[in-house]
Amino acid sequence: MQLLWPESAAHALALRAAHPGARFVAGGTALQQEWGDRHRAPAGCSLVPLHRLSALQGIELVDGATSLRIGAAMALETVRTHALVREHAPLLAQALAQLGALGVRHLGTLGGNVGWRWGDSTPALLVLDAQAECAHAPGQRLPLAALLAEAELPLIVALHIPLQPGHPPAQTVFEKAAARAAFAPARLRFTLRWSAGQLSHAACAAPDLPARLLVNALAWLQAHPGRRGPAALAGLRQACADDGLPTQQPEDLAHLAARLIAGHCGLLASAIEEVQ
Ligand SMILES: Cc1cc2nc3c(=O)[nH]c(=O)nc-3n(C[C@H](O)[C@H](O)[C@H](O)COP(=O)(O)OP(=O)(O)OC[C@H]3O[C@@H](n4cnc5c(N)ncnc54)[C@H](O)[C@@H]3O)c2cc1C
């Protein structure tokens with residue numbers, strides 16, 4: 001294994017470009033799961049460690065307190081417990097509280113969680129309209145939703161969560177849905193956000209299903225006010241399928257997401273109503 005230590009984010013990009021196959025690594029807790037022996041990197045692999053880069057550190061309010069900047073190399077537990085995150089982005093703190101064990105949260109980073117593509121933080125960041133500061137585009141903020149739709153993620157330097165000074169954090173929900181069995185891994189990471197009493201954002205992620213906004217599900221809800229019960233479930237399931245969620249068993253994630261949306265919006269019929 002070869003470690004290619006960068007001196008800056010731009011240097012990290014250059015190192016990876018000069019070493020085909022080299023991978024960025026931060027905490028290594030997700031990357032190691034790809035290795036046959038999880039305690040040892042495969043022979044011949046090249047890694048570009050990011051966690052010591054100063055540009056990827058820090059949690060602060062920027063732009064006149066209209067944006068919360070979180071360095072990509074910040075440990076998940078540091079992010080979860082940080083006063084600014086708890087005040088301005090409680091949804092993110094709530095999502096991270098359900099991530100792994102404390103040891104994993106001390107090693108794993110926010111950038112690595114996003115780089116993993118279906119980490120717990122990603123649906124939360126999506127409904128918070130997060131933007132990414134990237135090494136290849138200094139000075140710009142790129143919408144995270146668009147980056148996650150790309151085949152390859154760029155090197156993320158920091159995540160920015162836009163804030164509305166004077167407004168309290170929006171009403172939000174975070175759920176990790178799993179099978180009813182001990183130690184069952186999460187099937188779906190799922191978030192909702194309301195603005196002025198209206199559902200404004202829905203997002204989810206699952207293993208092998210990169211995080212995404214559920215734009216079709218939201219549009220369906222807006223187009224069918226008052227629809228509830230089985231009709232709401234069927235419409236939402238189709239809309240979630242249009243958002244790219246699988247409908248095939250054993251993981252009918254479109255149905256699971258439809259039930260979560262309908263449940264949180266009070267659209268589920270009682271069991272008695274459903275059989276009538
Ligand atoms: C026992 C265990 C339990 C876990 N439980 C959970 C869980 O419940 N929920 C969950 O979400 N995750 C879980 N994970 C996965 C993992 O720990 C987290 O996703 C963690 O946030 C990954 O961060 P990292 O810094 O270790 O990433 P790394 O492993 O270093 O990197 C992960 C990926 O992101 C890329 N990457 C890293 N940093 C950046 C960056 N700045 N910009 C762009 N790409 C980058 C890497 O190239 C790699 O592809 C678990 C892992 C273990 C070992």
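When reading the values below, keep in mind they use all heavy atoms of this one structure, side chains included, and skip hydrogens, waters and symmetry mates. Whatever order the structure lists them in is the order used to number ligands and atoms, beginning at 1.
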_Residues Arg259, Glu175: salt bridge by 4.0 Å N-O rule_ = no
Without hydrogens or angle criteria, can the side chains of [X] and [Y] be said to hold a donor-acceptor pair below 3.5 Å?
X	Y	value
His160	Asp63	no
Gln248	Asp252	no
Ser121	Asn113	yes

*Indicate if Trp35 and Val25 have the same hydrophobic cluster label, given that clusters are the connected sets of ILVMFWY residues with side-chain heavy-atom separations under 4.5 angstrom.*
yes
*Glu133 and its side-chain hydrogen bond (donor to acceptor under 3.5 Å, both in side chains) partner, picked from Gln140, Arg69, Arg141*: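 Of Gln140, Arg69, Arg141, side-chain hydrogen bond (donor to acceptor under 3.5 Å, both in side chains) with Glu133 is met by Arg69 alone.
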*Got the residues with a heavy atom under 4.0 Å of ligand 1, by chain and number?*
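Under the 4.0 Å cut-off, ligand 1 touches Arg23, Phe24, Val25, Ala26, Gly27, Gly28, Thr29, Ala30, Leu31, Gln32, Gln33, Leu50, Ala72, Leu76, Leu99, Gly100, Val104, Gly108, Thr109, Gly111, Gly112, Asn113, Gly115, Trp116, Gly119, Asp120, Pro154, Leu155, Ile156, Lys176, Arg189.
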